[in-house]
Amino acid sequence: MRNKIFTYHYVKLIITSLLIGLVCAIIAESLKHLTEHFEEVIFERVKSDYPGWFFILPSVGITIIYFLRKYAFKNRKNKGITEIYKTLDQRKDHLPFFKIPSHYINGFFTVIFGGSTGIEVSTVVATATVGNVAYKKQMAAYAFKREMICAGVTAGVAVLFASPIAGWLFAMEVIARKINKSLIISCTTSAIVAGLFIYFFDGHTLLPFTIDNWKWSAFPFFFFLSLMGGALATYFTLAVIKIKDGFSKINNNFIRVNLGAITVGTLIYFLPFLFGDSYHGLKEVLEHSLEAKIGNSFILTLLLLVFLKPIASSLTLGAGGDGGVFAPSIVAGAVLGVLFASLCNKFFGTHLLVLNFALVGAAATLSAAIHAPLTALFLVCNLVPNGFSLFLPLLLAAFVAKSFAVLLLPYNVYTYNLNSGHSQK
């Protein structure tokens, strides 16, 4: 009898996870492509015809968000992944339904108008809320709250990066922070749904490049770049915390929104790469580094991008934009890898493969920023068509960078002062 009861609840969990996975795959897919389309259209139009608009575009986006938050969502704040943790740790707390449209719309407007972040955290919270709504409707057993929330997150992240494994690992490493039988069942079911969705509707990788085989002689360089990625992630974490804390002390909403947004717009005017999630700019950087001779001006530009992308992202979040550190960590880390390989090749006569080091830098910085080495490993493997051929260097980078970052700073933007009411994303 006891076994029959367990079987019944597990079957119900599987069915619920299937439904959650499908709904969340649709949410992530639509937000991903709508944002990509409008971000590209606005960026190309402004860049070619009205470059002066870059100064005010982020302010337009964040001002829209401010009024939506005030009137449509009744001044209820979004606190990013921190609120998922609080929901999981306190069973009586829930993610209210409004967080689905709130994060979806706010993430969309933040990025298409140039806010220097990505839609990943917006997607994570929206899809987690889908799982929480299913829990409140008692679609599975009362004990399976964490399982249903993680099922939603699995599908959302999987579709964003066309990687069911990365979605599964992110849900385990970052959201659940533990593993058990019921979590494996719910997240695996959702990952399968997301995998089928990706196969039939959206299987292309983020970057259209093919990597070359790596050599063991490059391993010391990979190791050193991994340490640099850990340091960069620590710098990013501190920038987000300090800038958001500083902006939270500004009581005048007009000043807070425009001080941050116009500063971001000014940075974008001089460095258009910083617009939005910067994936478009990363492709241009990689194309240039692969096709053209590396000059001093290009190296200086890379150096500025490495240090200013975290600042622009932090200012976006401080001003009230919706997003997090996911996309900026990937982009800043990849640019760091390009910079490192270019410097070594130019000044030390090495023949390092720039694209390989871009991916290693991305894996290192993402892993160190979110303290999730396995997620970073498999996610970055899926950024290019044959990324798994770089598996060992990426594995090294993910774990070395995360360990070094923890040594430098024991928390990240998700876990900083989690119990004291801070709301970092």
Side-chain angles (χ1 to χ4, degrees), residues 11-39 81 84 95 97-108 111 118-137 139-140 144-176 182-206 277 279 322-324 326-327 330 372 375 378-379 381-383:
V11 169
K12 200 172 180 181
L13 176 62
I14 290 171
I15 294 171
T16 303
S17 298
L18 284 170
L19 294 173
I20 292 171
L22 180 60
V23 171
C24 292
I26 294 170
I27 288 174
E29 178 77 0
S30 60
L31 180 57
K32 174 183 175 180
H33 286 289
L34 282 172
T35 304
E36 283 178 355
H37 174 74
F38 283 99
E39 180 186 11
I81 288 178
I84 301 178
L95 297 168
F97 181 84
F98 88 90
K99 289 193 176 295
I100 300 173
S102 173
H103 278 283
Y104 190 104
I105 295 169
N106 291 352
F108 172 74
V111 176
I119 58 168
E120 290 81 7
V121 169
S122 303
T123 303
V124 166
V125 182
T127 52
T129 304
V130 172
N132 200 168
V133 169
Y135 170 79
K136 287 196 291 183
K137 291 185 177 296
M139 295 178 68
F144 291 151
K145 180 179 183 180
R146 189 179 300 265
E147 285 75 4
M148 285 184 270
I149 287 175
C150 288
V153 172
T154 296
V157 174
V159 169
L160 285 184
F161 293 98
S163 174
I165 298 175
W168 193 95
L169 287 168
F170 181 83
M172 293 295 184
E173 280 190 301
V174 179
I175 304 301
S182 55
L183 277 168
I184 291 173
I185 290 172
S186 65
C187 292
T188 301
T189 303
S190 182
I192 291 171
V193 173
L196 291 171
F197 193 92
I198 292 164
Y199 179 80
F200 286 109
F201 298 107
D202 189 13
H204 73 277
T205 56
L206 181 67
D277 54 31
Y279 289 143
D322 201 272
F326 221 103
I330 293 172
T375 298
F378 282 91
L379 189 151
C381 280
N382 280 277
L383 291 183

Is any side-chain heavy atom of [X] less than 4.5 Å from a side-chain heavy atom of [Y]?
X      : Y      : value
Ile84  : Thr129 : no
Val157 : Val124 : yes
Leu13  : Ser186 : yes
His103 : Asp322 : yes
Val133 : Leu95  : no
Cys150 : Leu183 : yes

Any donor and acceptor pair, going by atom type alone, linking the side chain of [X] with main-chain N or O of [Y] inside 3.5 Å?
X      : Y      : answer
Arg146 : Ala176 : yes
Ser30  : Ile27  : yes
Thr127 : Thr123 : yes
Glu147 : Ser17  : no
Asp202 : Ile198 : no
Glu120 : Gly324 : no
Asn132 : Ile149 : no

Practice item. Kindly check if the number of other-residue, nucleotide or ligand heavy atoms within 6.0 Å of CZ (Phe97) is above 12? Key: no
Point to revise | ring-ring contact (aromatic ring centres under 6.0 Å, His included) partners for Phe108, two or more places apart | key: Phe38
Point to revise | Those residues that, when tested against Tyr104, pass ring-ring contact (aromatic ring centres under 6.0 Å, His included) (two or more places apart) | key: none
For a quick test of reading the model, state the closest non-hydrogen atom pair linking [X] to [Y] and the distance between them.
X      : Y      : result
Leu160 : Lys32  : O-NZ, 3.2 Å
Val174 : Ala372 : CG2-CB, 3.6 Å
Thr189 : Ile185 : OG1-O, 2.7 Å
Ala155 : Ala194 : CA-CB, 4.0 Å

Point to revise | Worked verdict on Phe161 versus Phe326 for ring pair (Phe, Tyr, Trp, His ring centres under 6.0 Å) | key: CA-CA 12 Å; Phe161 293 98; Phe326 221 103; 5.6 Å; yes
**Study point:** Ile100 vs Val130, side chain to side chain contact (heavy atoms under 4.5 Å, CB included): CA-CA, chis, key distance, verdict
**Key:** CA-CA 7 Å; Ile100 300 173; Val130 172; 3.7 Å; yes
When rounded to the nearest 0.5 angstrom, what distance separates [atom1] in [X] from [atom2] in [Y]?
X      : Y      : atom1 : atom2 : value
Lys145 : Lys136 : NZ    : NZ    : 9.0 Å
Ile20  : Thr154 : CD1   : OG1   : 10.0 Å
Met148 : Ser182 : CE    : OG    : 10.0 Å
Thr205 : Asn382 : OG1   : CG    : 8.5 Å
Leu379 : Leu206 : CG    : CG    : 9.0 Å

Practice item. Go through the structure and list residues passing side-chain contact (heavy atoms from CB on, under 4.5 Å) with His37, not counting sequence neighbours. Key: Val41
